[in-house]
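Computation of the quantities below employed the complete heavy-atom set of this structure, encompassing side-chain atoms and omitting hydrogens, waters and symmetry-equivalent molecules.
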Amino acid sequence: MTSPQDLLKLAVDVAEEAARLIVERRRGTITVADTKSTRTDVVTAVDRESEELIRARVLQARPDDSFLGEEGDDVDGTSGVRWVVDPIDGTVNYLYDLPTYAVSIAVEYGGETVAGVVVDAPKGEVFTATKGGGAFVDGRPIQVSGATELSQALVGTGFGYDPERREVQAAVVQQLIPKVRDIRRIGVGAIDLCYVACGRLDVVYERGLNPWDYGAGALIAAEAGARIGGLNGAPVSPEMSIAATPALFEPFHALLAAADPLRA
């Protein structure tokens with residue numbers, strides 16, 4: 001297998017090119033090209049253009065690899081390496097010209113994420129990590145905040161597109177918010193995880209994130225010292241993703257479980 005560092009270099013080059021593309025396209029008029037799970041779960045033509053660019057660049061360089069993207073058809077390869085891609089994480093932010101959205105690329109080998117990059121496209125910040133190699137932003141090492149008191153924790157989360165799910169998620173937040181410093185809803189799952197990695201958030205949790213949402217960000221957070229998991233010992237999955245400073249993971253998990261997140 002190619003080294004994680006070499007895989008990361010290709011991932012960064014491609015993600016930065018895609019980020020430049022989507023920022024340039026945002027200077028024009030952005031319209032909804034399609035919807036997915038609900039009428040509010042949108043896809044733009046630029047989502048598809050960005051993913052096509054990433055797929056073309058990756059498979060040109062590594063034609064035997066597999067490719068899983070949010071918007072297009074999957075590609076099955078033979079190398080054991082799979083690229084997991086969100087071409088625009090935060091499409092609704094992008095549609096409304098809210099200046100936080102990202103390109104996320106995770107690289108797996110044998111089912112384990114070994115390299116990841118998240119590019120905050122409007123800011124130009126580049127978050128990276130390799131398995132066992134630490135986490136970085138713009139080449140500088142980063143680490144979690146080290147927060148230890150739940151009452152002082154700044155917590156990030158997101159909401160699903162289905163109105164019934166959002167209603168339950170809002171009820172969970174209502175139970176959490178008196179117990180923490182405050183809640184932030186940025187709208188970009190990958191950025192949430194990177195913000196835990198660099199100490200801008202102390203905890204993030206969300207139900208409904210997909211592998212392309214959390215693949216790179218979860219590795220970056222873990223390599224920065226965060227504890228990552230789902231509910232009741234499960235790994236991160238679409239069922240639930242939690243990333244927190246080590247001292248806050250268990251108390252926050254207990255608080256979340258008491259708020260009945262299995263319905264959230």
Side-chain angles (χ1 to χ4, degrees), residues 1-23 46-90 101-142 188-195 197-198 209-224 226 228 236 243:
M1 186 195 82
T2 306
S3 72
Q5 291 75 22
D6 287 341
L7 292 170
L8 179 64
K9 183 179 186 306
L10 176 59
V12 170
D13 289 345
V14 174
E16 288 182 329
E17 183 179 359
R20 290 192 296 270
L21 170 75
I22 64 178
V23 169
V46 186
D47 286 87
R48 294 171 175 168
E49 185 181 7
S50 176
E51 185 164 311
E52 287 166 4
L53 181 153
I54 295 167
R55 183 190 294 108
R57 295 288 188 270
V58 166
L59 296 181
Q60 181 181 34
R62 298 184 55 84
D64 296 327
D65 290 356
S66 301
F67 189 95
L68 173 64
E70 181 177 11
E71 311 302 346
D73 296 330
D74 299 346
V75 175
D76 292 326
T78 58
S79 66
V81 174
R82 184 171 77 155
W83 298 72
V84 182
V85 171
D86 194 335
I88 305 178
D89 191 13
Y101 47 87
V103 176
S104 175
I105 301 178
V107 192
E108 299 175 347
Y109 180 70
E112 179 181 42
T113 304
V114 297
V117 55
V118 175
V119 179
D120 184 331
K123 283 187 176 180
E125 284 189 321
V126 181
F127 296 89
T128 59
T130 54
K131 182 71 174 178
F136 302 84
V137 59
D138 296 336
R140 303 187 305 274
I142 53 176
V188 189
I191 293 293
D192 283 347
L193 289 161
C194 290
Y195 279 8
C198 68
L209 292 183
N210 290 296
W212 46 81
D213 298 309
Y214 61 71
L219 176 67
I220 292 164
E223 287 295 323
I228 309 292
V236 168

Looking at [atom1] of [X] and [atom2] of [Y], how far apart are the two atoms once the value is rounded to the nearest 0.5 Å?
X    : Y    : atom1 : atom2 : value
I105 : L10  : CD1   : CG    : 8.0 Å
R48  : E52  : CZ    : CD    : 8.5 Å
D89  : D47  : CG    : CG    : 10.0 Å
L193 : L209 : CG    : CG    : 7.0 Å
S104 : Y214 : OG    : OH    : 11.5 Å
T128 : Q5   : OG1   : CD    : 11.0 Å

Are side-chain heavy atoms of [X] and [Y] found at a separation under 4.5 Å?
X   : Y    : answer
L7  : R62  : yes
L68 : R82  : yes
V23 : Y101 : yes

ask   = Counting only N and O atoms by type, is there a donor-acceptor contact under 3.5 Å from the side chain of D213 to the main-chain atoms of G189?
value =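 Here the side-chain-to-backbone pair does not exist.
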ask   = Okay, side chain of E51, backbone of D86: is any donor-acceptor separation there less than 3.5 Å?
value =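 No, E51 side chain to D86 backbone: no donor-acceptor pair under 3.5 Å.
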Between [X] and [Y], what is the shortest heavy-atom contact and its length?
X    : Y    : value
S50  : A18  : OG-CB, 3.6 Å
A197 : A221 : CB-CA, 3.7 Å
P87  : I22  : O-CD1, 4.2 Å
D65  : L59  : O-CD2, 3.7 Å
G116 : I220 : O-CD1, 4.1 Å
P4   : V114 : CB-O, 3.6 Å

Salt bridge (Lys or Arg N to Asp or Glu O under 4.0 Å): pairs with one or both residues in residues 116-131, sequence neighbours excluded =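 Sorted result for residues 116-131: E112-K131, E125-R200.
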inquiry  = The criterion is side-chain contact (heavy atoms from CB on, under 4.5 Å); which residues satisfy it with E16, sequence neighbours excluded?
reply    =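 In terms of side-chain contact (heavy atoms from CB on, under 4.5 Å), with neighbours along the sequence ignored, E16 is linked to V12, R20, V119, V126.
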request  = Could you tell me which residues satisfy side-chain contact (heavy atoms from CB on, under 4.5 Å) with T113, sequence neighbours excluded, listed by chain and number?
outcome  =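 By the side-chain contact (heavy atoms from CB on, under 4.5 Å) rule, T113 matches A106, E108, L219.
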ask   = Between V81 and T2, does a side-chain contact (heavy atoms from CB on, under 4.5 Å) hold up when you go through it step by step?
value = CA-CA 9 Å; V81 174; T2 306; over 6 Å; no
query = Please walk me through it: do W212 and V85 pass side-chain contact (heavy atoms from CB on, under 4.5 Å)?
reply = CA-CA 5 Å; W212 46 81; V85 171; 5.9 Å; no
inquiry  = Is there a side-chain contact (heavy atoms from CB on, under 4.5 Å) between V103 and I54? Walk through the geometry before answering.
reply    = CA-CA 10 Å; V103 176; I54 295 167; 3.9 Å; yes
